[in-house]
Amino acid sequence: IEYIEDFPETSEPVWILGKQFSALTEKDEILADVTSRLWFTYRKNFQPIGGTGPTSDTGWGCMLRCGQMILGQALICRHLGRDWTWSPGQRQRAEYISILNAFIDKKDSYYSIHQIAQMGVGEGKSIGQWYGPNTVAQVLKKLAVFDSRSRLAVHVAMDNTVVIEEIKRLCMPWLDFDRGACAASEEPREMNGALEGACALAEEETALWKPLVLLIPLRLGLSDINEAYFEPLKQCFMMPQSLGVIGGKPNSAHYFIGFVGHELIYLDPHTTQPAVDPNEDSQFPDDSYHCQHPPCRMHICELDPSIAAGFFCQTEDDFDDWCAQIRKVLKP
């Protein structure tokens, strides 16, 4: 594992989740940006999963933790914005605390290891079994339904296909697409009190689109990543909508957040830390949720071909822009 101290002294740009940095002049900014991502790792001594199950996820939870990281990044973009940075030791913003609370290792947190492991049973995974990127994507989609505060629309695009209309229906469920975009559906949804038709929402721009988390499970080769995918994959990290990529070999999943040259930059969940218990005023020690040593790097050719790429579209314009960019990436 190489750290940023020996970060290449290169004029090649460093890209992290849609933001460009210079390795020569912005090392501190790169480090601050990486440290601000939520870092979820193995934990020990939490409540037993399912009441009698494991009290640690060491050895099996790495892909579940990567799922938490990619969704945590979506929630940060949703509630705090991509440019938000974490400042250690300060009293943190309420929005940030409530995001972190959603991932605490307890059975009733929205996206806890308990919820992910138990929801996985319905996907055919027993508790303590290793997940692939697709399983964790399906589970996050099911769990997001209960998070009424964030109102995320999570879509998992299967078979390498993004159906634009399907996503628009998901993110704008109150529109009736068959009768033109401004027709209200048969039973108008209660939104902000009474709703006389979707056009009444025009001023309430935010209500028009449920923020989208788009997860795309992909297979970029058979046993090794095919070189043809190097550039398109790198371009995914350059999009402003990027949530990064989860992937890795069985028993060794990573959360990839960017690249420099042919090296991917990632956060590694393979560190076991004690579970954290928030205290009464819900201010809790959050240092262990931020990776404060420089991020790991690996050559893109070492990436396991089975991944899931994530994107966040706060607005319909973000999604339309994403569609236009992906078309460019896919142009032969």
Side-chain angles (χ1 to χ4, degrees), residues 38-76 78 97-158 170 210 213-217 243 246-248 250-255 267-278 282 284 286 288-289 306-308 310:
L38 291 175
W39 181 46
F40 296 118
T41 68
Y42 292 151
R43 297 269 172 178
K44 60 182 183 186
N45 307 331
F46 47 66
Q47 305 163 349
I49 295 177
T52 55
T55 56
S56 168
D57 60 312
T58 300
W60 60 271
C62 54
M63 184 62 85
L64 289 73
R65 296 299 184 181
C66 290
Q68 288 182 322
M69 287 192 263
I70 201 169
L71 194 76
Q73 180 57 22
L75 291 174
I76 283 189
R78 161 87 178 87
I97 294 293
S98 77
I99 292 170
L100 210 41
N101 264 316
F103 295 95
I104 289 292
D105 302 308
K106 285 190 147 97
K107 63 177 193 298
D108 48 0
S109 304
Y110 290 129
Y111 308 109
S112 65
I113 192 89
H114 299 62
Q115 293 281 5
I116 297 176
Q118 290 189 283
M119 192 61 92
V121 173
E123 297 289 323
K125 296 284 183 187
S126 53
I127 290 169
Q129 200 179 348
W130 198 82
Y131 284 25
N134 177 45
T135 303
V136 84
Q138 298 295 348
V139 166
L140 292 173
K141 172 179 157 176
K142 289 179 177 176
L143 291 175
V145 173
F146 301 100
D147 181 0
S148 50
R149 179 176 160 272
S150 296
R151 286 179 60 254
L152 293 175
V154 178
H155 181 75
V156 183
M158 295 308 293
L170 176 75
K210 283 167 89 168
V213 176
L214 179 56
L215 299 171
I216 311 179
L243 292 176
I246 55 176
N251 311 323
S252 185
H254 300 311
Y255 173 41
L267 293 175
D268 188 349
H270 300 88
T271 299
T272 303
Q273 307 191 82
V276 170
D277 222 356
S282 83
F284 53 92
D286 61 348
S288 67
Y289 291 99
S306 182
I307 62 163

Closest approach of [X] to [Y] (non-hydrogen atoms, all atoms of both residues):
| X | Y | value |
| --- | --- | --- |
| Arg78 | Arg151 | NH2-NH1, 4.5 Å |
| Ile49 | Trp60 | CD1-CH2, 3.7 Å |
| Leu215 | Gly310 | CD2-CA, 3.9 Å |
| Leu71 | Leu140 | CD2-CD2, 4.1 Å |
| Ser112 | Ile104 | CB-O, 3.1 Å |
| Ser109 | Gln115 | O-CG, 3.0 Å |

So the salt bridge (Lys or Arg N to Asp or Glu O under 4.0 Å) pairs with at least one residue in residues 125-141 (sequence neighbours excluded) are none
Can you tell me which residue pairs pass the salt bridge (Lys or Arg N to Asp or Glu O under 4.0 Å) test with a partner in residues 129-138, sequence neighbours excluded? none
Could you grab the distance from atom [atom1] of [X] to atom [atom2] of [Y], nearest 0.5 Å is fine?
| X | Y | atom1 | atom2 | answer |
| --- | --- | --- | --- | --- |
| Ile99 | Ile76 | CD1 | CD1 | 5.5 Å |
| Met158 | Asn134 | CE | CG | 4.0 Å |
| His114 | Phe46 | NE2 | CZ | 5.5 Å |
| Ile113 | Lys106 | CD1 | NZ | 15.0 Å |
| Ile246 | Leu267 | CD1 | CG | 13.0 Å |

For Tyr289, what residues pass the ring pair (Phe, Tyr, Trp, His ring centres under 6.0 Å) criterion, not counting sequence neighbours?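 Here the qualifying residues are Phe40.
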Restricting to ring pair (Phe, Tyr, Trp, His ring centres under 6.0 Å), what partner residues turn up for His270, sequence neighbours left out? Tyr42, His254
Give me each pair satisfying ring pair (Phe, Tyr, Trp, His ring centres under 6.0 Å) with a member in residues 117-148, each pair once, sequence neighbours excluded. none
List for me each residue that meets side-chain hydrogen bond (donor to acceptor under 3.5 Å, both in side chains) alongside [X], sequence neighbours excluded, and say none if there are none.
| X | answer |
| --- | --- |
| Thr135 | none |
| Gln118 | none |
| Lys142 | Glu123 |
| Ser126 | Gln129 |

Got more than 12 heavy atoms from elsewhere within 6.0 Å of NZ, Lys107?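 Open: at most 12 neighbouring heavy atoms sit under 6.0 Å from NZ of Lys107.
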Which pairs would a plain distance check flag for residues 61-69, meaning a side-chain donor or acceptor within less than 3.5 Å of a matching protein atom at least two apart in sequence or in another chain?
unit_1 : atom_1 : unit_2 : atom_2 : d
Arg65  : NE     : Thr41  : O      : 2.8
Arg65  : NE     : Asp57  : OD2    : 2.8
Arg65  : NH1    : Gln68  : OE1    : 2.9
Arg65  : NH1    : Asp105 : OD1    : 3.0
Arg65  : NH2    : Asp57  : OD1    : 3.1
Arg65  : NH2    : Asp105 : OD1    : 3.1
Gln68  : NE2    : Tyr111 : O      : 2.8

Taking side-chain contact (heavy atoms from CB on, under 4.5 Å) as the test, write out the residues that go with Ser150, two or more places apart.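 With neighbours one apart ignored, the set is Leu75, His79, Asp147, Leu152.
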Residues at least two apart in sequence or cross-chain that pass side-chain contact (heavy atoms from CB on, under 4.5 Å) with Ser56, listed by chain then number, are Lys44, Thr58
Is there side-chain contact between Gln138 and Pro217, with at least one heavy-atom pair below 4.5 Å?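 The answer is no; the side chains never approach within 4.5 Å.
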Do Leu143 and Tyr110 pass the side chain to side chain contact (heavy atoms under 4.5 Å, CB included) test, and can you show the C-alpha distance, the side-chain angles, and the key distance before you say yes or no? CA-CA 7 Å; Leu143 291 175; Tyr110 290 129; over 6 Å; no
